[in-house]
Amino acid sequence: MTPIQAAAGSVVMPAPMLQSHLSSLPLVYRGKVRDTYAVGEDRLLIVTTDRISAFDVVMREPIPGKGHVLNAMSNFWFKRLAALVPNHLTGIDPTTLVPEQERSQVEGRAVVARRLTPLPIEAVVRGYLIGSGWSDYCRSGEVCGIRLPGGLQQAQQLAEPLFTPARKAELGEHDENITYERVCERIGRELAERVRDFSLRLYRHASDIARRRGILIADTKFEFGLDRSGELRLMDEVLTPDSSRFWPADQYRVGISPPSFDKQFLRDWLQQQHWDRTPPPPSLPQDIIEKTAARYREALERLVTGDGMEQALEHLPGQSRW
């Protein structure tokens, strides 16, 4: 939501939004972060809230500005990747689909998308050996059934990016890494090949863009769906700190897990608490909320500054330059 200019010239900041409440459209689904509403039979209004999850549990407190950051970043990437693969966006202004009293819930944090049939997999691409990939490698020397050379170190860049898909889990469950052959079994070999090839092409192109802005994309996940004509389209979110591991290039070192532009502050704090990773989660202290929000904002600022898209920053709450 764009900051509201008060009569005296001050800026009135919108409150963080944990959950949207649109009575003008039927609710389809609430995910970990996004609320989805039906717009007729063939379109969806997708609202990115300020919710944040960790260890597959949604926290009780919102992260101010997070929804705006994720929405702006996805739009940034959808625009730059559209020449490689079509996506789900319609270009319709979401504020035109709701009454005036509900526009504050969608402005700057929502998109209108085509209704697609989602593929039941997540297309994960890894360019560096980290996270669950590093754990698998240490245990078996493989990542999702792909044998890697011995002697690799944590966070080491791979010779070539790997397509390491996962089975989509229900809300509250963990995604499961699966082999490429299992993807072929689930969606057919021809479609699996297209998803794999598109994913690797998208990752390479995005990595080049991000590297020029001082960000390394260690890994990411893409989601795809089929439209009514059977065309494969990129959907959901793309290349955000929620779906990707972004590292500041100037802090990257082989052998250690570099700091990342995401919710690592939150994860680190939660791991120090006496919490069994089941709901309800512990309440978040204000400094963890603020540090997490700042990290998301910094990632967006690095991407858009100097790219002619600084106007995207104007739609973020609290633009006092973090």
Any residue meeting salt bridge (charged side-chain N to carboxylate O under 4.0 Å, His left out) with Asp250, in chain and number order, not counting sequence neighbours: none
Salt bridge (charged side-chain N to carboxylate O under 4.0 Å, His left out) against Arg186, all qualifying residues, sequence neighbours excluded: none
Heavy-atom neighbours of Gln101 CD exceed 12 at 6.0 Å: yes
Listed partners of Asp242 passing side chain to side chain donor-acceptor pair (under 3.5 Å), at least two apart: Lys66, Tyr296
Side chain to side chain donor-acceptor pair (under 3.5 Å) partners for Arg211, two or more places apart: Asp208
What pairs with [X] under side chain to side chain contact (heavy atoms under 4.5 Å, CB included), at least two apart in sequence or on another chain?
X: Cys184; value: Tyr180, Arg189, Ala192
X: Thr95; value: Asp93, Arg103, Val106, Glu107
X: Ala206; value: Trp77, Ile217, Leu239
X: Thr278; value: Asp276

Whichever hydrophobic residues join Leu162 through chains of side-chain contacts under 4.5 Å: Leu129, Trp134, Tyr137, Val143, Ile146, Leu148, Leu152, Leu158
Cluster companions of Val124 among Ile, Leu, Val, Met, Phe, Trp, Tyr (side-chain spacing under 4.5 Å): none
Has the side chain of [X] got a donor or acceptor atom that lies under 3.5 Å from a matching backbone atom of [Y]?
X: Asp50; Y: Pro16; answer: no
X: Arg115; Y: Glu41; answer: yes
X: Lys32; Y: Val58; answer: no
X: Gln251; Y: Pro258; answer: no

Verdict with supporting geometry, Gln272 and Asp268, side chain to side chain donor-acceptor pair (under 3.5 Å): CA-CA 7 Å; Gln272 298 171 11; Asp268 291 345; over 6 Å; no
Pairing residues for Phe224 by the ring-ring contact (aromatic ring centres under 6.0 Å, His included) criterion, not counting sequence neighbours: none
Those residues that, when tested against Phe78, pass ring-ring contact (aromatic ring centres under 6.0 Å, His included) (two or more places apart): His88
Can a salt bridge be assigned to the pair [X] and [Y] using a cut-off of 4.0 Å between side-chain N and carboxylate O?
X: Arg114; Y: Glu231; result: no
X: Arg277; Y: Asp56; result: no
X: Glu298; Y: Arg295; result: yes

Sub-6.0 Å ring centroid separation between Tyr128 and Tyr252: yes
